[in-house]
Amino acid sequence: MSFGFWALIPVIVILVLALITKDTFISLFLGVVVGFVMIAQGNPVMAFNKFIDALYTVMCDSNTAWVLMICALFSSVIFLITESGGVLGFSNLAEKVLKTRKQTMIGTWILGLIVFVDDYLNCLAVGAAVRKIADRQKISREMIAFIVNATGVTMCAIVPFSSWSAFMGGLMQKADMLGGLSVTGAYIHTIPYVIYGWLAIIVVPLICLKVIPLFGPMKKAEQRAMETGEVQSPEAKALHGELPDEELKFKDKKCRAVNFLLPILVIAIVAVWRDDLLIGVFAGLLACLIMYLPQRLMNINQYFNGILQGITDMCSMLVIIIMSYVLIEVNSQLGLVDTIVGAALKTVNPSLLPVTIFVVIGLLSFASGTFWGLAAIAFPIVGPLGAALGVSPFLCAGAVISAVAFGGQICMYSDTVMLTSSSTQITNAEYLRTSGPLVVIPFVLAVIGFTIVGFVAA
C-alpha cells in the first residue's frame with residue numbers, strides 16, 4: 001500500500017513534539033506509534049504486532065548490534081579515562097594553550113578536523129576531550145555539541161581515507177559512477193563537489209570568531225553560560241545529572257594527559273588497521289587495563305565496575321538509538337523515500353539535477369534518520385539518471401554525499417547527533433533547537449553553490 005506524501009506524518013509528529021516537549025524519546029516513540037497505526041489502518045492490535053515485529057527486526061540486525069556495542073563500550077572507555085584522571089590531565093594541558101573562549105572553540109574545531117578517521121570516533125572522543133576545558137571558559141555545552149558534530153560527519157566525508165570514503169566509494173562503483181577511475185581516484189575527484197561538507201566546516205570558525213553573529217536559541221544558551229556559569233540546561237541536568245567537581249576529586253593527585261591520549265590513539269590506530277571501530281574500542285579498553293593498573297589508578301574490580309558503569313551511563317541513549325532504527329523501519333514500510341525520490345528526481349532539468357539531489361536527499365535524510373542507508377538507495381537512482389542527462393557522475397555523487405552529511409549534522413535522531421549529545425551531555429532535542437538554525441547557514445549556501453555549479457557544468 002502506498003501512502004504517498006502522507007508518509008511524512010510520523011516525521012512531522014516527531015519534529016513538532018521535540019520542539020514542544022524537548023524530550024527525544026517521547027517524540028520518537030509517539031512518531032513511531034503514529035506510523036504503525038497508519039500502516040495498520042487504525043487497528044491498534046495490528047499496530048502493536050507490527051511494532052513488535054519491527055523491534056525484533058532491528059534488534060536482530062548485525063548493524064544494530066555493532067552500533068550499540070560501540071556506543072556502550074566507548075562510554076566505558078570514557079568512564080575509565082575520566083576515573084584515571086586522564087580527561088582532567090588533558091584539560092590541564094590544553095588550558096596552557098587554549099586560554100580564552102575563542103581559542104577553546106577554535107581548538108575544539110581543530111581537534112575535530114584531526115580526528116577524521118570515523119565520524120563515531122570523532123563525536124565521542126572530541127566531545128569528551130574538550131567539555132571540561134569548555135566548562136571553565138563558560139562555553140555552553142550546546143555550542144560545543146554544534147562544533148563537534150559540524151566537523152564529525154563533514155570532515156569524514158571530504159577525506160579520501162575514512163569510513164565514509166570507503167562506503168560511499170563502494171556505492172559509486174556499484175552505481176557505475178567511477179568514470180573509468182579506481183574507487184579511490186573517483187572519490188578524490190568527488191571531494192571538491194561535496195560542497196556542503198566544505199561549507200559546514202568553514203562556517204564553524206566564522207561563528208566562533210563572531211564573523212557570523214550568533215542568533216536564536218544558541219545565542220540564549222551562550223548568554224546563559226556566560227552570565228550564570230550554567231553550561232548545561234535544566235533539561236540536560238535532569239537527564240545527565242549535575243556535573244562532578246573533578247578538580248576536588250583529583251586534588252593532590254597527578255593527572256596525566258597520556259592516560260587520555262594513548263587509549264584514544266590506540267582506538268584510532270587499531271580501527272584503521274582492522275577496518276572496524278568496534279575492534280578499536282576493545283583495544284582501547286585493553287590499553288586502559290594495561291596502563292591504569294600498574295599506575296595504581298584503579299584495581300581490577302574498579303576497572304570492570306567502570307566498564308559496567310560506562311554502559312549504564314549510556315543506557316538512555318541506547319534506547320533512543322533502538323527507537324530511531326524502528327523509525328527507519330516505519331519509514332520503509334510507509335514508502336517515504338521511494339515516494340519523494342521518485343517524484344522529485346525523475347522530472348528534473350539537467351542543470352538543476354545536482355541541487356535537486358542535494359535538497360531532496362538532504363531533507364529526506366533529515367526526516368528519515370537514515371544516512372548510509374539512504375545513500376545506498378539514492379546512488380542506484382542518481383547514477384543512471386545523471387548519465388542519461390549528461391551530468392558529471394562526480395558532481396552527482398558529491399550532491400548525494402553532501403545531502404546525507406547534512407542529515408547527519410541536523411537530524412536529532414541520527415547516530416552522530418545522538419553520540420555528540422551523549423559526549424557533550426545535552427539532550428537531542430536541545431541539539432536540534434540550538435544547532436538547527438546554525439546548520440541552515442551552510443545548507444542555504446550549498447543550495448546556491450550546487451545551483452551555480454550545475455549551470456556552469458552544463
Side-chain angles (χ1 to χ4, degrees), residues 1-72 235 238-239 311-342 363-374 376-377 407-408 411-419 421-422 427-432:
M1 179 180 180
S2 176
F3 289 86
F5 285 95
W6 292 106
L8 285 166
I9 289 178
V11 174
I12 295 171
V13 168
I14 291 170
L15 297 177
V16 171
L17 288 176
L19 295 173
I20 294 173
T21 67
K22 299 180 182 179
D23 189 298
T24 307
F25 175 75
I26 291 174
S27 306
L28 271 174
F29 179 73
L30 291 180
V32 166
V33 169
V34 169
F36 280 120
V37 169
M38 290 174 60
I39 294 168
Q41 299 180 19
N43 186 322
V45 176
M46 185 182 296
F48 177 75
N49 289 335
K50 287 186 175 294
F51 170 74
I52 296 298
D53 289 342
L55 198 57
Y56 275 127
T57 300
V58 167
M59 294 304 295
C60 292
D61 184 72
S62 59
N63 182 63
T64 304
W66 184 79
V67 171
L68 294 178
M69 284 191 289
I70 285 176
C71 296
E235 292 82 10
L239 178 63
I311 295 172
T312 301
D313 291 346
M314 185 60 79
C315 273
S316 60
M317 193 58 61
L318 298 180
V319 173
I320 291 173
I321 291 173
I322 292 169
M323 196 55 58
S324 71
Y325 285 1
V326 173
L327 175 64
I328 292 172
E329 285 291 316
V330 171
N331 288 333
S332 176
Q333 293 185 38
L334 289 172
L336 175 65
V337 174
D338 293 339
T339 297
I340 296 180
V341 170
L363 294 179
L364 267 176
S365 184
F366 165 63
S368 66
T370 178
F371 313 106
W372 283 15
L374 182 57
I377 295 171
C411 179
M412 75 170 190
Y413 40 87
S414 73
D415 294 350
T416 48
V417 168
M418 286 188 282
L419 296 181
S421 299
S422 177
T427 68
N428 299 46
E430 279 180 319
Y431 177 90
L432 174 64

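The first residue of the sequence shown is numbered 1, and numbering continues consecutively from there. Just so we're clear, the structure is a prediction, and the values are computed from it rather than from any experiment.
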**Asked** Taking side chain as C-beta onward, heavy atoms only, is F51 less than 4.5 Å from V326?
**Response** yes

**Fill in**
Rounded to the nearest 0.5 angstrom, the OG1-CD distance for T57 and E329 is 5.5 Å

**Message:** Using 0.5 Å steps for rounding, measure from the CD1 atom of I52 to the CZ atom of F36.
**Reply:** 9.5 Å

**Prompt:** Going from CZ on F29 to CG on L327, what distance comes out if it is rounded to the nearest 0.5 angstrom?
**Reply:** 12.5 Å

**Message:** Name the residue from S27, S421, C411 that meets the side chain to side chain contact (heavy atoms under 4.5 Å, CB included) definition with N428.
**Reply:** S421

**Message:** Ignoring hydrogens, what is the shortest heavy-atom contact between G408 and S365? Give both atom names and the distance.
**Reply:** N-OG, 4.3 Å

**Item:** Closest non-hydrogen atom pair, G31 against P10
**Value:** O-CB, 3.4 Å

**Asked** CG of L318 to CE of M323: how many Å apart, nearest 0.5 Å?
**Response** 12.5 Å

**Prompt:** If you look at every heavy atom in G42 and P44, which pair is closest and at what distance?
**Reply:** O-CD, 3.2 Å

**Asked** Which value, rounded to the nearest 0.5 Å, describes the distance between L334 atom CG and W6 atom CH2?
**Response** 13.0 Å

**Request:** Answer whether the closest heavy-atom distance between the side chains of Y431 and M418 falls below 4.5 Å.
**Result:** no

**Nearest-0.5 Å distance that lies between atom CD1 in I322 and atom CG in L68** = 5.0 Å

**Prompt:** Is the shortest heavy-atom distance from the side chain of L432 to the side chain of F366 under 4.5 Å?
**Reply:** yes

